[in-house]
Number of protein chains: 2
Amino acid sequence: MILEKKKAFQNFAAAKGLRSTRQRDIILDIFLSTHQHVSVEELYLKIKSSNPGIGHATVYRTLKLFAEAGLAREILLHDGQTRYEHVVAGEHHDHLVCTGCNSIVEFEDETIEKLQNEIAARHGFLIKNHKMEIYGLCAVCRN
Amino acid sequence: MILEKKKAFQNFAAAKGLRSTRQRDIILDIFLSTHQHVSVEELYLKIKSSNPGIGHATVYRTLKLFAEAGLAREILLHDGQTRYEHVVAGEHHDHLVCTGCNSIVEFEDETIEKLQNEIAARHGFLIKNHKMEIYGLCAVCRN
DNA sequence: TATGCTTTTGACATTCATTTTCATTTGACT
DNA sequence: AGTCAAATGAAAATGAATGTCAAAAGCATA
Ligand SMILES: [Mn+2]
Ligand SMILES: [Mn+2]
Ligand SMILES: [Zn+2]
Ligand SMILES: [Zn+2]
């Protein structure tokens, strides 16, 4: 799965005429080894610990590339930090976010997705993407 | 309706021991006279034109109060600006956002709201709020 | 392997929304 | 009027993200 993603990025890079660089390899490795919903800063720090040379700007730039390549999805929750999560081909999910402990639970709901399409159609919208987040307290934090 | 909101803020302020100030009155008046989904900056400029003395910080602080008082809802779209919209008691809606012309269409969907509650319950979450935005091109911009 | 051209990088500066600071002003109560 | 905490606003600070640009690195070609 990790190999597939590396392959996918290689293909994307080749198609776009991007060069293969040590930095991009490292950042991809570390991103793929990371849990879901990493903030750019978290990732940057993790990268720095093994590769002190890599700069802030490069991490930002490279994550945008991953998103463009379809490997990563940008997530904007309400903490002022951009996060990225792994994209699993053909899958989609939304998020339950605990405002107590910041944990995130993922969920999928076919019916909601279908209703979203209907709503968009009814208003003549052509959907590009959507976001849906439910904020509240998780089972642990509500007590 | 405007009077009710002013009353509601008075009550909120009284309950919280907040003082009644000229600035808060002005900001509330202008907020209530404003169309939906105003950015803080837009509101600030509108306020300044009639009341040059009022500061940036006060507008930010006061809008947060309105949100806390239940008069306003903070809306974070993806343009880096915080917006506020009017809250109509007992009503809730979500947004279709056109990435072409930045227009916003509001919609309500009972079924989706119900499904959200079920999902949260299934995961033991206590919902505080949620956001759902569908991004795409409106009927005009898709052509 | 060396050359030449172009992309990429990273240190640093910059931007921009929002928050903080803090001296001054103001509201509310006596 | 006097007291005092709350509120204000100008200016500075913050912090995420982006822009700049000289130096470094990739890659095609000789
Ligand atoms: Mn996720
Ligand atoms: Mn709205
Ligand atoms: Zn929690
Ligand atoms: Zn449009």
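Reminder, nothing fancy here: chain letters follow the sequence lines and each chain counts from 1.
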Distance, rounded to the nearest Å, where A:Q81 contributes CD and C:dT18 contributes C1': 15 Å
For this output row, return yes or no: ring centroids of A:H37 and A:H35 closer than 6.0 angstrom. no
Would you say C:dT19 has OP1 or OP2 under 4.0 Å from some side-chain N or O of B:Y60? no
Ignoring backbone atoms, establish whether A:T58 has a side-chain N or O less than 4.0 Å from OP1 or OP2 of C:dT8. no
Answer with yes or no whether the side chains of A:H93 and A:E85 bring together a donor and an acceptor at under 3.5 Å. yes
Rest of the hydrophobic cluster containing A:I75 (Ile/Leu/Val/Met/Phe/Trp/Tyr, side-chain heavy atoms under 4.5 Å)? A:L77, A:V97, A:I104, A:Y135
Judged by nearest nucleotide, the residue sitting upstream toward the 5' end of DNA chain D, A:E41 or B:A57, is B:A57
Reading DNA chain D from 5' to 3', where do the contacts with chain A start and stop? Cut-off is 4.0 Å to heavy atoms. D:dA16 to D:dC27
In whole Å, I'd like the distance from the CD atom of B:Q10 to the P atom of C:dG27. 15 Å
Could you tell me how far apart A:H78 (NE2) and C:dT18 (P) are, to the nearest whole angstrom? 13 Å
Is A:Q23 near enough to C:dT8 that one of its side-chain N or O atoms lies under 4.0 angstrom from OP1 or OP2? no
Is the closest basic N to carboxylate O distance between B:D25 and B:K6 below 4.0 Å? no
Please state whether the rings of A:F66 and A:F9 are parallel, tilted or perpendicular, taking 30° and 60° as the class boundaries. perpendicular
Would you kindly give the CG-to-P distance between B:D25 and C:dT26, to the nearest whole Å? 15 Å
So which heavy atom on A:Y84 is nearest to which on A:A72, and how close? CD2-CB, 4.0 Å
Base, sugar-phosphate or nothing for A:G17? Non-hydrogen atoms, less than 4.0 Å. nothing
Classify the side chain of A:R19 and the base of C:dT6 as holding, or not holding, a donor-acceptor pair under 3.5 Å. yes
Measure from the side chain of A:R61, starting at C-beta and using heavy atoms only, and say which of C:dT19, C:dT21, C:dG10 lies closest. C:dG10
In whole angstroms, how far is the C1' atom of C:dT9 from the CD1 atom of A:I54? 10 Å
Between P of C:dA17 and CG of B:L43, the distance in whole Å: 15 Å
B:D79 has an atom CG; how far is it from atom C1' of C:dT15, in whole Å? 16 Å
Check whether any side-chain N or O of A:T21 sits under 4.0 Å from OP1 or OP2 of C:dT7, and answer yes or no. no
Hey, which of these two, B:L18 or B:K64, hits DNA chain C nearer its 5' end, going by closest nucleotide? B:K64
Quickly work out the A:R22 CZ to C:dG10 C1' distance and round it to whole Å. 12 Å
Under the 3.5 angstrom rule, does the side chain of A:Q36 hit a backbone N or O of A:H86 as a donor-acceptor pair? yes
